[in-house]
Amino acid sequence: MANWTAILPSNLLPDDANPEWLSKGDNAWQLTAATLVGLQSVPGLIILYGGAVKKKWAVNSAFMALYAFACVLVCWVCWGYRLSFGDQLVPIWGKINVAFSQHYLFERAFMGYLPNATMVYFQFVFAAITLILIAGAVLGRMNFYAWMLFVPLWLTFSYTVGAYTIWSLDGWLSSAGMIDYSGGYVIHLSSGVAGFTAAYWVGPRLTKDRERFPPNNILLMLAGAGLLWMGWTGFNGGDPYAASIDASLAIVNTHVCTATSLLTWLLLDIMFFGKPSVIGAVQGMITGLVCITPAAGVVQGWAAIIMGLCSGSIPWFTMMVVHKKSELLQKVDDTMAVFHTHAVAGSLGGVLTGLFANPRLCYLFYGKYNRYVGLFYGIQMGAYSHGFRQIGLQLVGVAFVVGVNIVMTSLICIVVKSIVPLRMTEEDMEIGDQAAHGEDAYAIWGQGERSENSRFSTHNDMETGSSKAKGHVERT
């Protein structure tokens, strides 16, 4: 040890707080990336949901996200992390154990030059955002007490199964060679299917809310969307578990695909509806982020652009065309269209990963050459079996995640329903936040009308009714 430590500056010398296996640079980046992902939820999705829903549901929608974030963390360190990344119990699930003892947290993580403490934190923010995405499908009617039970149950019996199977080194699909770079399957496909299933069991919003559910604050929604987009730098850039060139590539691919997807969705809105929609642009942004996630660091830039074109058009088609013709999609009230933006876009990204995965880039990420080969490269190399095997594994992954989430989410909803009602009463849904929490998002103002004491109000407005004024938001 004396030979190589002699040439190191004093700040890099190993000591009790900095063991020889620890990379300070990687650890610093990993903690930063995890915090960026955390900011996507708190405050990102909190303010996105709070601004995107009808005014009477702003507090409830934001609070569902905040509660899920806190609840998941406690469950994660008590049992969730070890179920997802601990010792194997069965090929799809780990052994239950805690992840908060000093001895365990200071040990080296299963990947990278990081301590378990960093990995527990990093993986927690991914688990938390998954539950918050599910909330998007049931906004505007789910009983908050039912949500309080749903979150720990779904994390325990659904999320941990997908995470262990696809991400743990000993997991069934991970060992088989399926690619999910940063959560296209574990997070987005899971949340999309689980959210849609939960929405089926909870039932729809009030008819008038389904017919008219205007955002109460589009600018606030855009602020949340901006945090979501920029936070994805850590979402995909953190998954090599190192400040490496692969992390840099994943970040660039993420933003290129997202921008392409947003522009594609925007152009389709203009072509078919005659106006550029801000809400549509946000949907296109989200589908681009989701689609690139399973592939971010294992595809080239040109593939990221193609994936952006696909993610901006195929989910648009399923949302704008297929949804209106499907009896099932019409019946299930998915408030934030989580099925289209996450389930469709996530599975699309997974399949496209099976086509475009570059063997060299997969080697940089996985450390194994010619084991992960996209179909197009398999054909180019003459390794047809490798390419077809990869696309087959990606499709098996889709089927597995869909099946697990439909079954487990349904069982959890049935269990929760036996304890508390899944949905609020009709009377409480008429009222919204005041009935659920006794609080209003905008306590000073009414339901969008001008205040009689406002300097912008005129005597004529008060006489004729400000509801006819341009820009008025309809009463909830």
Name all residues meeting the side-chain contact (heavy atoms from CB on, under 4.5 Å) criterion together with E427; count only those two or more places apart in sequence or in a different chain, and write none if there are none. T425

May I have the step-by-step check of side-chain contact (heavy atoms from CB on, under 4.5 Å) for I286 and V290, ending in yes or no? CA-CA 6 Å; I286 293 172; V290 170; 4.2 Å; yes

Sequence neighbours excluded, the answer for side-chain hydrogen bond (donor to acceptor under 3.5 Å, both in side chains) partners of S158 is W154, N405

side-chain hydrogen bond (donor to acceptor under 3.5 Å, both in side chains) partners for W167, two or more places apart: none

My understanding is that only residues two or more places apart in sequence, or in another chain, count here; which of them pass side-chain hydrogen bond (donor to acceptor under 3.5 Å, both in side chains) with Y164? none

M178 and G397: which non-hydrogen atoms are nearest, and at how many Å? SD-CA, 3.6 Å

I'd like to know whether the aromatic ring centres of F144 and H437 sit less than 6.0 Å apart in this structure. yes

Step through it carefully: locate the ring centre of Y377, locate the ring centre of Y372, and say whether they are under 6.0 Å apart. no

Less than 6.0 Å separating the ring centroids of W302 and F356? yes

Restricting to salt bridge (Lys or Arg N to Asp or Glu O under 4.0 Å), what partner residues turn up for R360, sequence neighbours left out? none

For K208, is there an ion pair with E430 - N to carboxylate O distance below 4.0 angstrom? yes

Sequence neighbours excluded, which residues qualify as side-chain hydrogen bond (donor to acceptor under 3.5 Å, both in side chains) partners of W172? none

Do the ring centers of F235 and H188 come within less than 6.0 Å of each other? yes

